[in-house]
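To start, the structure itself, in structure tokens.
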Amino acid sequence: MTMGIDPKALPEEDLLRELRHLHATRTEALMHGPDEALATHTSRTNELESEYLRRHPERDIDPGRLREGARMR
């Protein structure tokens, strides 16, 4: 079930804004939100992240974020 506007209908700028907001509020939802709020937050995050990945299948991957790059640090 989609919460809010269907992610496929969001313009790119709005999708990115929504993702940033969800990521900024995640810890608060985890530590202080009731179970239902946390479940809703998780569901919406999954919807938006899935849409981002659908739109950007060839996104830039930072080599430092890969296992090998982490080992080099």
Side-chain angles (χ1 to χ4, degrees):
M1 179 169 113
T2 297
M3 300 286 177
I5 297 172
D6 184 342
K8 291 181 176 129
L10 289 172
E12 186 73 7
E13 183 177 314
D14 293 343
L15 176 64
L16 294 175
R17 185 187 67 244
E18 290 293 318
L19 280 167
R20 286 185 186 106
H21 176 73
L22 282 169
H23 286 217
T25 59
R26 183 61 184 177
T27 301
E28 187 70 21
L30 175 64
M31 296 178 74
H32 305 293
D35 291 345
E36 185 177 335
L38 180 59
T40 299
H41 196 281
T42 300
S43 176
R44 184 61 172 169
T45 300
N46 288 339
E47 290 174 354
L48 294 171
E49 287 179 348
S50 292
E51 177 59 17
Y52 179 85
L53 292 172
R54 185 189 71 76
R55 291 183 191 186
H56 303 280
E58 302 297 325
R59 68 193 191 284
D60 290 332
I61 304 295
D62 179 353
R65 303 285 300 179
L66 299 173
R67 197 173 282 170
E68 185 177 310
R71 285 187 192 123
M72 294 174 71
R73 283 186 264 156

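The side chain to side chain contact (heavy atoms under 4.5 Å, CB included) check on His21 picks up Thr25, with sequence neighbours excluded. When the side-chain hydrogen bond (donor to acceptor under 3.5 Å, both in side chains) test is applied to Glu28, no partner is found at least two apart in sequence or on another chain. Evaluation of the side-chain hydrogen bond (donor to acceptor under 3.5 Å, both in side chains) rule for Thr42 yields Arg26 as partners, not counting sequence neighbours. Asp14 pairs by the side-chain hydrogen bond (donor to acceptor under 3.5 Å, both in side chains) definition with Arg17, not counting sequence neighbours. Remark: Leu53 pairs with Arg59 by the side chain to side chain contact (heavy atoms under 4.5 Å, CB included) rule, at least two apart or across chains. Remark: Glu12 engages Arg55 in a salt bridge (charged side-chain N to carboxylate O under 4.0 Å, His left out) (not counting sequence neighbours). With sequence neighbours left out, the side-chain hydrogen bond (donor to acceptor under 3.5 Å, both in side chains) criterion links Glu18 to no other residue.
Here the CG-CG distance, from Leu48 to Leu19, works out to 5.0 Å after rounding to the nearest 0.5 Å.
The stretch residues 37-66 participates, sequence neighbours left out, in these ring-ring contact (aromatic ring centres under 6.0 Å, His included) pairs: Tyr52-His56.
Distance alone, capped at 3.5 Å, places no donor-acceptor pair between the Ser43 side chain and the Ala39 backbone.
Looking at Glu47 and Asp6, their side chains never come closer than 4.5 Å, going by heavy atoms from C-beta outward. Inter-residue side-chain proximity for Glu51 and Leu15 is flagged as met; some heavy-atom pair is nearer than 4.5 Å.
With side-chain heavy atoms closer than 4.5 Å counting as contact, directly or through intermediates, the hydrophobic cluster containing Leu30 also holds Leu38.
For Asp62, the CG atom is densely surrounded, since the number of other residues' heavy atoms within 6.0 Å is greater than 12.
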